Structures are given as C-alpha cells and as structure tokens.
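In what follows, a structure is listed as structure tokens, so that the remarks can point back to it.
As the structure is a computational prediction, the values presented were derived from the model and not from experiment. As a basis for the values below, the full set of heavy atoms in this structure was taken, side chains included, without hydrogen atoms, waters or symmetry mates. Residue numbers begin at 1 in each chain, while the letters A, B, ... track the order of the sequences.
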Amino acid sequence: MKSDAAAHVPGTPRRGAFGSLATHAVLIGVSLVMVYPLLWMIASSLKPDSEIFNSASIFPAHPNLSAYARGWYGLKVSFGKFFTNSAVIAVLAVIGNVMSCSLAAYAFARLRFRGRNFWFAIMLGTLMLPYHVTLIPQYVLFLNLGWVDTFLPLVVPKFLAADAFFIFLMVQFFRGIPRELDEAAIMDGCGPWRIYWKIMLPLAVPALATAAVFSFIWTWDDFFAPLIYLNDMESYTFQVGLRTFVDSSGQSDWSGLFAMSVVGLVPIFVMFIFFQRLLIDGIATTGMKR
Amino acid sequence: MTLAVRESAPATSRRIARKVLGHDAGAYLFLAPWLIGIFVLTVGPALGSLYLSFTRFDLITEPRFVGLANYTRIFTNDAKFLAAMKVTFTYVLLAVPLKLIFALSVAIVLNKGLRGLTVYRALFYLPSLLGGSVAIAVLWRKIFAKDGLFNDVLSTFGIDGVSWIGDPDYALYTLVVLSIWQFGSPMIIFLAGLRQIPQDLYEAASLDGASKRRQFWKITLPLLTPIIFFNAIIQTIEAFKAFTPAFIISEGTGGPVNSTLFYTLYLFQEAFSYFRMGYASALAWILLVIIACFTAVSFISARYWVHYEE
C-alpha cells in the first residue's frame with residue numbers, strides 16, 4: 001500500500017489534501033451504506049419489536065438478549081440442533097472437497113496419462129454447467145438409495161469432487177510448485193503417492209486452506225440442496241430452519257428472526273475475520289464468484 | 001555411453017520422473033473419486049434429465065414418453081414461463097452491468113493508493129461473502145417492507161414509501177439492489193487487474209500530455225477488458241442461477257403477481273411443489289441452452305472488444 005505522496009507521479013499536478021479527503025469522505029459514505037443494513041440487523045435483534053418499527057437507529061434504547069432466547073426455541077426443534085447439523089455437514093464437506101479435489105488436481109497438474117487433456121476439458125466444462133440440469137435425476141437417484149432426509153446427498157458429492165472449482169484452483173497452485181522438488185523426491189525413491197502426500201500437500205497449504213474456507217462458507221450458506229433433501233425438521237440445516245422460522249413466526253417476531261439471522265451469519269463472519277487475506281487473495285487470483 | 005555423457009543431470013532426473021509419473025493406471029487412481037462423480041453425478045444425470053424432458057414423470061409412476069409435448073407447451077402455452085423469462089432477463093440485464101460498473105468505479109478509486117485500502121476492501125467485500133445467506137434475504141425483506149428501514153430513512157426526507165417487497169412494480173428492483181450490494185468480489189478481481197497494468201504506461205502518457213480522462217479510456221479500460229469479460233461471464237451465469245433471495249422474499253411463490261418468479265424458482269416449483277419432473281427437466285435444459293448461448297455470444301463478441309496482449 002502506497003501513501004498518497006509515494007503514488008504521486010512527477011510531472012502531474014499534485015492532488016491536494018482536499019482531493020484525498022473528499023475521496024475518503026465518499027468511500028466512508030459508501031462503507032456506511034454497505035454496512036448499515038448489517039448493523040441495523042444486529043441492533044434490531046437487541047430491540048423489543050415495538051422499537052424496531054419506524055426506527056432506523058442502530059443504537060437500541062434498551063438492549064437485551066431476550067430475542068435470542070425466544071428465537072433459539074422459536075420452532076419445535078431448537079436452532080441449536082440446526083446449527084449442529086449445518087456444522088457437521090459443512091465440516092464433512094470441507095474434508096471431502098479438500099481430499100477429493102486435491103487428488104484430482106494432482107493428477108491433472110503433475111501426472112502424465114492418456115486422456116489427460118480430454119478429462120481436463122470435461123472438468124472445465126462442468127464449471128459452466130448449471131446444476132439444474134443434473135438436479136432431478138440426482139434427486140431420483142438419492143431417493144432410490146433411501147438417502148432423502150439424511151446428510152448423504154449433501155456430503156457424498158463433495159467426496160466425489162463434484163465442486164470442480166476447487167480442482168481448478170488447486171491445479172493452478174500445484175503447477176506453481178517447482179518440478180525439481182518432485183524430481184529430487186523420485187531420485188530418493190518416492191512414488192507419486194509419497195510425492196502427493198509429502199511434497200504437494202504440505203506446499204499447497206494456502207490453496208487447500210482457501211478451498212477449505214470457501215467450502216465451509218458455501219456449504220453453510222447452501223439453501224437449495226438442504227431444502228429439497230431434508231424434510232424432517234430434526235435434520236434441517238440452519239438456513240432451512242431460518243426459512244421455516246420466517247414462514248411461521250417471522251411476521252410477528254421480528255427481533256427473534258433477526259436474532260437467529262445474526263446467529264446464522266456468525267460462522268461466516270468468524271471465517272471472514274480469521275481468513276480475510278486468504279479469501280481476498282483466493283478471489284483475486286482465481287476469480288471466484290463470491 | 002555417449003547418451004549419458006551428453007545428457008545433463010537434471011535432464012536424466014526429468015526422464016526418470018516421466019517414467020515414474022507416467023503410469024496411466026496410477027494416474028487414474030488419483031482421478032478415481034472425480035471420475036466416479038463425473039459419471040454418477042454429472043454426465044449420467046445430465047443425460048437422464050435430457051431423456052426425462054421428453055416424458056411425463058411424477059416420481060411415483062414410471063416416466064411416460066410424450067415426445068416434444070413439454071417443450072411445445074413451454075414455448076406456446078405457458079404464461080408462467082414467459083413471466084419467469086421476463087423476470088430473469090430483466091434481473092440479469094440490470095443487475096450484472098450495474099454491479100460491474102459499481103465494482104469497477106470503486107476499484108479505480110481504491111487503486112489510487114489511498115491510506116486504509118485494506119480496511120475499505122474488507123468492508124466492501126463483507127456483503128459479498130454474507131450475501132448468499134438466507135439471513136441476508138430475510139434482512140432485505142425487512143428493510144424494504146412497508147415499515148422497514150428504507151421507508152424510515154425516506155420518511156426523514158418527508159417521503160412516504162410503499163411496501164417495496166409487496167409491490168409488483170418494485171419487488172424485482174429490491175433484488176437488483178441486493179445484487180449490487182454484493183459488488184465486493186468482482187471489485188477485488190478488478191483491483192487485482194488494475195495492479196497488473198504497468199505504471200510506466202501512465203508515466204509515458206503523462207509525459208505526452210494525455211489527460212487523466214484520456215489515460216483511463218486509452219490505457220486503463222482497454223487493458224482491463226479481459227478482466228471485465230471474465231467478471232461479466234461469471235456474474236451473468238450466477239445471475240441466471242439466482243434462487244435464495246427470490247425464494248425467501250416471496251415465500252417461495254415468486255410473487256407478488258409473479259414479479260419475482262426467477263427462472264430457477266419456477267423450475268423448483270414445477271419439480272418439487274407439483275412434481276412435474278419431466279416438465280422441470282425440459283425447463284432445466286432450456287436454461288442450459290440459454291446460458292450456453294449467452295456464453296457463446298460473449299466469447300464471439302469478445303474478439304471485437306477484449307484486448308489481449310501478446
């Protein structure tokens with residue numbers, strides 16, 4: 001990051017302190033508009049319902065946490081259960097994605113085999129494929145396997161590297177690891193599995209971590225798949241639970257609804273706080289969608 | 001052994017490496033999970049839904065072949081399909097360009113070398129990260145409700161707002177705003193692209209007396225076209241697939257009066273509310289063709305406006 005003075009190009013008219021101040025004013029204004037809805041949501045979760053209506057203030061007059069207690073037990077299954085379900089699914093998804101995608105990525109990046117270019121093209125093609133095209137036969141398949149109302153339809157595809165995006169991300173990273181390291185390892189008698197395990201994975205930790213964090217967030221946020229596969233409230237994820245809450249009591253209990261919305265955002269926010277650099281670099285280098 | 005003499009040590013190790021890493025069977029073992037996934041979860045189901053699109057299928061009885069009946073009905077006698085197309089195209093054609101223009105503008109300002117870049121970047125990115133959540137769709141519903149935040153703010157200016165979510169003339173635009181609010185991730189990609197532009201181009205242009213505005217049109221924008229193209233493709237595909245916000249804001253109906261009936265929402269209703277799986281499969285294949293056409297046209301047009309450096 002350069003300061004204003006350092007960025008100054010000789011020979012161009014110097015933008016004054018005023019210009020820089022005005023830019024900051026605009027940016028702070030934009031930031032405020034961006035973040036205000038979130039602050040309002042947090043504030044509203046701490047207000048009694050009577051205070052939410054017709055109040056744009058983000059400072060509750062009498063902040064209290066009663067909406068959290070009310071919302072948590074707002075449905076016949078508690079949000080604690082939904083939270084646990086989502087966490088279990090998200091963690092399994094992370095493990096599945098990191099394992100299966102790194103295996104495939106290693107093959108694409110380093111191994112030489114017949115049909116490599118063909119399969120690589122197929123992999124890139126699936127990146128563009130809208131999931132709706134596979135949705136219904138997949139549903140029929142999982143239904144016939146008796147997997148509806150279990151977590152399997154949400155988790156097993158991750159172990160089969162269905163999120164090709166992460167393969168792509170890891171291929172890009174693996175290609176940047178110097179080949180001399182593999183060659184040296186081969187001289188020492190290592191085979192492809194040892195190279196994968198002892199050299200590629202340890203060196204690719206940034207890429208694996210990026211994939212892990214995005215896997216977690218996307219799985220946590222996923223709404224469509226849990227919506228169609230989970231019908232029994234005991235198996236609901238947080239997102240589906242929240243939607244049910246909107247439809248049942250959300251009209252009357254705004255603060256309870258906001259409280260649970262805030263809880264649902266906490267895991268993503270925690271990821272953001274801890275892995276901000278990783279997320280931003282991941283997007284900048286591979287151009288992820290979110 | 002003349003060969004060994006002529007070959008340098010790294011070349012030898014490379015040759016051995018090729019041998020060790022060149023076993024087909026070994027490679028396919030690494031690829032196995034993905035290959036199984038491709039056949040069982042992607043290629044198989046894609047062909048399956050293509051077949052189902054020519055059938056009538058309700059999950060319980062066997063699919064019954066009906067030829068092109070689903071497609072004929074979709075294109076000639078389905079008002080909801082037309083509504084869904086209108087909603088989806090309006091959304092894509094408004095949300096994507098506005099989001100990208102906003103993302104690019106902010107990226108250009110941030111790229112000026114201001115203090116606090118990392119803080120701004122993080123703040124602007126946060127909504128992108130949270131935006132896919134049901135919670136954010138819930139929040140949006142409350143912000144644009146009759147007694148929500150937006151009207152509170154309007155009332156301080158003496159304007160009496162309507163229920164934006166409840167009004168068929170406005171409901172879709174609240175979703176466009178939601179999409180623009182999530183401009184952070186294309187912005188980060190733009191920022192990365194802006195940093196790739198060699199600084200000496202600007203210095204040379206300044207020495208030649210080119211104004212800032214001229215530098216933008218002649219240097220920044222042309223060199224950024226590959227990034228603009230990339231962002232446009234990704235965002236367009238994402239916009240076609242949008243589902244969660246419309247579902248939450250309309251309680252799954254696509255209302256009021258089909259004004260938020262996104263294509264994916266209509267497809268979901270046909271499949272999982274009415275169990276018309278054949279019909280929904282036909283809708284899915286039409287969506288695939290639309291996205292493919294959009295992408296193809298973009299790639300063809302790219303030849304005329306995307307600037308690739310040699």
Side-chain angles (χ1 to χ4, degrees), chain A residues 1-4 7 9 11-12 23 27 31 34-35 37 40-41 53-54 56 100 103-104 106-107 110-114 126 130 132-134 136-138 157 159-162 182-183 186-187 191-192 221 223-224 228 239 242-243 246-247 257 261 264-265 268 272 276 280 283-284 287 289-290, chain B residues 13-14 16-17 20-22 24 26-27 30-31 33-34 36-37 41-42 45-46 48-49 52 109 113-114 117 120 122-124 126-130 132-135 138-139 143 147 149 152-153 185 188-189 192 203 206 230 234 238 241 243-244 251 267 271-272 277 280-281 284 287-288 291:
Chain A
M1 197 172 40
K2 291 178 189 171
S3 76
D4 233 19
V9 179
T12 56
T23 316
L27 285 173
S31 309
M34 296 293 290
V35 179
W40 183 69
M41 174 167 62
F53 298 112
N54 305 315
S100 62
L103 284 170
Y106 175 65
R110 278 296 206 266
L111 303 180
R112 304 157 52 83
F113 54 96
R114 255 162 295 183
T126 60
H132 310 84
V133 173
T134 56
I136 288 164
Q138 272 187 24
F159 282 85
L160 299 177
D182 307 25
E183 285 157 12
I186 288 166
M187 287 305 166
D221 264 354
F223 176 59
F224 194 86
I228 63 174
Q239 308 296 328
L242 197 55
R243 176 258 166 158
V246 179
D247 290 354
L257 183 57
S261 299
L265 294 177
I268 305 176
F272 173 72
Q276 199 202 107
I280 286 175
I283 292 181
K289 56 194 183 239
R290 274 208 270 139
Chain B
S13 68
R14 193 148 295 163
I16 296 170
V20 173
L21 299 178
D24 283 359
F30 278 94
L31 223 48
W34 176 76
I36 295 169
L41 298 175
T42 307
S49 79
L52 286 177
V109 173
L114 289 169
L117 165 76
Y120 288 125
L123 279 178
F124 294 159
L126 185 60
S128 283
L129 202 61
L130 301 177
S133 254
V134 169
V138 168
L139 170 65
I143 287 176
D147 45 8
L149 174 64
D152 290 339
V153 174
S185 74
I188 288 174
I189 300 171
E203 283 162 25
S206 292
F230 175 83
I234 300 282
E238 282 307 299
K241 297 197 305 198
F243 176 78
T244 308
E251 293 180 3
L267 195 156
F272 297 100
M277 295 287 174
S281 297
L287 178 67
L288 173 65
I291 292 181

Problem set entry | Between B:Ala192, B:Gly48, B:Ala27, B:Gly26, the one whose heavy-atom pairs under 4.5 Å with chain A are most numerous | B:Ala27
Problem set entry | A:Leu103 versus chain B, the contacting section by heavy-atom distance below 4.5 Å | both
Problem set entry | Set of residues satisfying side-chain contact (heavy atoms from CB on, under 4.5 Å) with respect to B:Ala122, sequence neighbours excluded | A:Phe272, A:Gln276
Seminar exercise, completed: Sorted by chain and number, sequence neighbours left out, side-chain contact (heavy atoms from CB on, under 4.5 Å) with A:Pro192 holds for A:Tyr106, A:Leu111, B:Val20, B:Leu21, B:Phe30
Exercise. For chain B, which of A:Arg114, A:Met41, A:Arg110, A:Gln138 has the most heavy-atom pairs under 4.5 Å?
Worked result: A:Arg114
Problem set entry | Which portion of A:Ser31 sits near chain B, non-hydrogen atoms under 4.5 angstrom | both
Problem set entry | Contacting region of A:Leu27 [heavy-atom separation from chain B under 4.5 Å] | both
Problem set entry | Nearest atoms (heavy-atom pairs only) where A:Ile136 meets B:Ala271 | CD1-CB, 4.1 Å
Exercise. Between A:Gly264, A:Pro130, A:Ala107, which residue shows the highest count of heavy-atom pairs closer than 4.5 Å to chain B?
Worked result: A:Pro130
For this session: Answer yes or no: is there a side-chain heavy-atom contact under 4.5 Å between B:Leu130 and A:Asp221?
Result: no
Problem set entry | Check: A:Val35 and B:Leu126 side chains under 4.5 Å, non-hydrogen atoms | no
Exercise. Looking at A:Asp182, A:Thr126, A:Leu242, which has the largest count of heavy-atom pairs under 4.5 Å with chain B?
Worked result: A:Leu242
Seminar exercise, completed: All heavy atoms of A:Ser261 vs all of B:Val138, minimum pair found to be OG-CG1, 3.9 Å
Problem set entry | Contacting moiety of B:Phe124, where chain A heavy atoms sit under 4.5 Å | both
Exercise. Do you know which of B:Leu123, B:Ile188, B:Leu52 has the most heavy-atom pairs under 4.5 Å to chain A?
Worked result: B:Ile188
Exercise. Judged by atom type as modelled, is there a donor-acceptor pair below 3.5 Å linking the side chain of B:Ser49 to the main-chain atoms of A:Val133?
Worked result: yes
Seminar exercise, completed: Pair count under 4.5 Å, heavy atoms only, with chain A: among B:Leu267, B:Leu31, B:Ile291, highest is B:Leu31
